[in-house]
Amino acid sequence: LPQHFSFVAGDRGNWRITNMQAIRGDGLDDAASIDVVTGLDPAAPAATWTLRGFASNVRYATRPEVTMLRAVQAPLAREEARLAALIPIKKTAAWWDMAQDERRRMFEETSRHTAIGLEYLPAVARQLLHSRDLGEPFDFLTWFEFAPEHARAFDDLLRRLRATPEWNFVDRETEIRLTRA
Ligand code: HEM
């Protein structure tokens with residue numbers, strides 16, 4: 001069964017926000033912390049905002065890519081991975097108007113998303129959550145955890161991915177950096 005998660009921003013939570021930056025489109029209201037909880041949390045009155053998503057099957061990764069990713073990827077909640085990034089992303093109508101094979105080509109053959117990302121594993125642990133089918137304001141919630149010594153490498157990864165043709169299809173993106181509370 002898909003695993004649902006809610007990111008509840010407010011005064012308290014298991015992750016403290018250190019920086020928020022609207023990369024493209026409207027940002028999100030400032031908050032002190034994010035509580036990452038399992039389940040589809042109803043919008044609590046005390047929350048500044050709540051974003052929801054669910055883990056799903058892969059859409060684009062091929063057999064060799066899945067095998068490579070599994071061979072090197074690190075789990076979430078590693079002791080040393082005290083920093084995290086939550087990056088909600090919404091893609092354009094033009095992206096969603098494409099056929100599956102066209103999206104795959106743009107994602108990997110043209111933009112090398114997986115190939116670039118693989119260079120940063122296992123330092124960066126990742127979790128992709130889908131939101132579009134929940135009618136959420138973003139299509140994806142991307143979550144990353146890493147040790148402070150890999151923060152520079154993570155910045156480098158963001159710079160490289162945002163320079164790819166895939167990112168021409170990003171409508172809205174907000175970057176939220178966190179540290180374990
Ligand atoms: C840490 C290294 C990374 C690796 C190895 C990686 C790998 C992947 C893979 C394999 C997929 C496709 C999943 C599928 O087949 O459905 C994917 C999707 C995605 N990734 Fe990454 N990624 C990385 C970093 C990032 C970063 C830093 C961001 C955001 C700035 C990001 C944003 C996304 C988004 C939004 C999707 C969904 C794309 C879509 O379905 O249209 N990824 N990633």
Side-chain angles (χ1 to χ4, degrees), residues 2-3 5 7 19-25 27-28 34 51-78 80-134 136-178:
Q3 174 85 67
F5 293 91
F7 296 79
N19 192 52
M20 281 180 66
Q21 198 186 346
I23 303 297
R24 194 168 299 176
L28 289 163
I34 292 181
L51 294 173
R52 302 168 192 80
F54 58 91
S56 186
N57 54 281
V58 296
R59 308 292 201 267
Y60 305 115
T62 60
R63 178 73 263 165
E65 287 164 352
V66 168
T67 301
M68 277 192 286
L69 287 161
R70 286 194 185 149
V72 290
Q73 71 196 8
L76 297 177
R78 287 169 298 172
E80 69 274 18
R82 305 199 55 77
L83 302 184
L86 170 65
I87 306 180
I89 288 178
K90 182 179 170 64
K91 284 186 165 176
T92 61
W95 175 264
W96 295 108
D97 282 346
M98 283 196 283
Q100 183 73 11
D101 60 330
E102 295 171 311
R103 284 196 293 264
R104 155 72 200 186
R105 262 200 309 280
M106 180 54 60
F107 179 85
E108 197 61 36
E109 282 70 24
T110 304
S111 300
R112 303 185 69 254
H113 184 125
T114 309
I116 292 169
L118 270 165
E119 293 178 36
Y120 298 84
L121 270 46
V124 178
R126 52 183 272 276
Q127 174 73 65
L128 172 65
L129 299 173
H130 293 260
S131 293
R132 176 176 159 88
D133 293 343
L134 297 175
E136 286 275 308
F138 293 92
D139 294 335
F140 307 99
L141 304 178
T142 66
W143 176 262
F144 307 93
E145 294 179 6
F146 43 88
E149 71 206 79
H150 295 124
R152 283 286 251 311
F154 185 73
D155 290 339
D156 185 56
L157 166 63
L158 290 179
R159 200 174 36 71
R160 289 176 68 189
L161 286 178
R162 287 174 182 151
T164 63
E166 183 195 353
W167 250 255
N168 293 335
F169 296 91
V170 172
D171 234 6
R172 187 179 177 194
E173 177 178 5
T174 289
E175 181 180 327
I176 304 163
R177 303 292 281 255
L178 309 111

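Both counts, for ligands and for their atoms, begin at 1 and track the order of listing.
Between Arg162 and ligand 1, no N or O atom pair is found at a separation short of 3.5 Å. For Leu161, no nitrogen or oxygen atom sits less than 3.5 Å from a nitrogen or oxygen atom of ligand 1, counting backbone and side chain alike. Close N/O approach between Tyr60 and ligand 1 is found [any backbone or side-chain N/O within under 3.5 Å].
What sits closest to atom 24 (C) of ligand 1 on the protein, heavy atoms only, is Phe144 CE2, 3.6 Å. Distance from atom 5 (C) of ligand 1 to its nearest protein heavy atom, with residue and atom name: Gly117 C, 3.5 Å. Here the heavy atom of the protein found nearest to atom 17 (C) of ligand 1 is Phe107 CZ, 3.4 Å. In this structure, the protein non-hydrogen atom closest to atom 39 (C) of ligand 1 is Phe140 CZ, 3.2 Å. The single protein non-hydrogen atom nearest to atom 13 (C) of ligand 1 is Leu128 CD2, 4.1 Å, given as residue, atom name and distance. Scanning all protein heavy atoms for the shortest distance to atom 14 (C) of ligand 1 gives Arg59 N, 3.1 Å. Remark: minimum distance from atom 33 (C) of ligand 1 to any protein heavy atom is reached at His113 CE1, 3.4 Å. Scanning the protein for heavy atoms near atom 41 (O) of ligand 1, the closest one is Lys91 NZ, 2.8 Å.
Ligand 1 places these atoms under 4.0 Å from at least one heavy atom of Leu118: 5 (C). Of all atoms in ligand 1, listed by their number and element, those nearer than 4.0 Å to a heavy atom of Val124 are 1 (C). Ligand-side atoms of ligand 1 in range of Trp95: 41 (O), range being under 4.0 angstrom from any heavy atom. For ligand 1 and Leu157, the ligand atoms under 4.0 Å from any heavy atom of the residue are 1 (C), 2 (C), 27 (C). Every atom of ligand 1 is numbered from 1 in the order shown, and the set under 4.0 Å from a heavy atom of Leu69 is 5 (C), 10 (C).
Under a 4.0 Å heavy-atom criterion, Trp96 is not in contact with ligand 1. Under a 4.0 Å heavy-atom criterion, Phe169 is not in contact with ligand 1. Within the structure, the closest approach of Tyr120 to ligand 1 does not fall below 4.0 Å when heavy atoms are considered.
Heavy atoms of Thr142 found under 4.0 angstrom from ligand 1 belong exclusively to the side chain. Only the side chain of Arg126 comes within 4.0 Å of ligand 1, counting heavy atoms alone; its backbone N, CA, C and O stay farther away. No part of Asp139 comes within 4.0 Å of ligand 1, judged by heavy-atom distances. By the criterion of a heavy-atom distance under 4.0 Å, neither the backbone nor the side chain of Arg103 is placed next to ligand 1. Residue-level proximity to ligand 1 for Leu158 is carried by the side chain, the only part with a heavy atom below 4.0 angstrom.
Judged by distance alone, the side chain of Thr142 and the main-chain N or O of Leu128 form no donor-acceptor pair under 3.5 Å. The closest donor-acceptor contact from the side chain of Asp139 to the backbone of Lys91 lies under 3.5 Å. A donor-acceptor pair under 3.5 Å links the side-chain atoms of Glu145 to the main chain of Ala77, judged by distance alone. In terms of modelled atom types and a separation under 3.5 Å, the side chain of Arg103 and the main chain of Met98 share a donor-acceptor contact. Formation of a donor-acceptor pair under 3.5 Å by the Thr164 side chain with backbone atoms of Leu161 is found in this model. Formation of a donor-acceptor pair under 3.5 Å by the Glu136 side chain with backbone atoms of Arg52 is found in this model.
Using bins of under 30°, 30° to 60° and over 60° for the plane-to-plane angle, the ring pair Phe154/Phe144 lands in the tilted bin.
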Point to revise | Check against side chain to side chain donor-acceptor pair (under 3.5 Å), Thr114 and Glu65 | key: CA-CA 8 Å; Thr114 309; Glu65 287 164 352; 4.5 Å; no
**Study point:** Check against side chain to side chain donor-acceptor pair (under 3.5 Å), Tyr60 and Arg105
**Key:** CA-CA 9 Å; Tyr60 305 115; Arg105 262 200 309 280; over 6 Å; no
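With values rounded to the nearest 0.5 angstrom, Glu80 atom CD is found 9.0 Å from His150 atom NE2.
Residue-environment remark: CZ (Arg152) stays at or below the threshold of 12 foreign heavy atoms within 6.0 Å.
The shortest distance between side-chain heavy atoms of Leu118 and Leu69 falls below 4.5 Å. In this structure the side chain of Arg104 never reaches within 4.5 angstrom of the side chain of Asp101, judged on heavy atoms.
Between Trp143 and Phe7, the ring centre distance stays below 6.0 Å.
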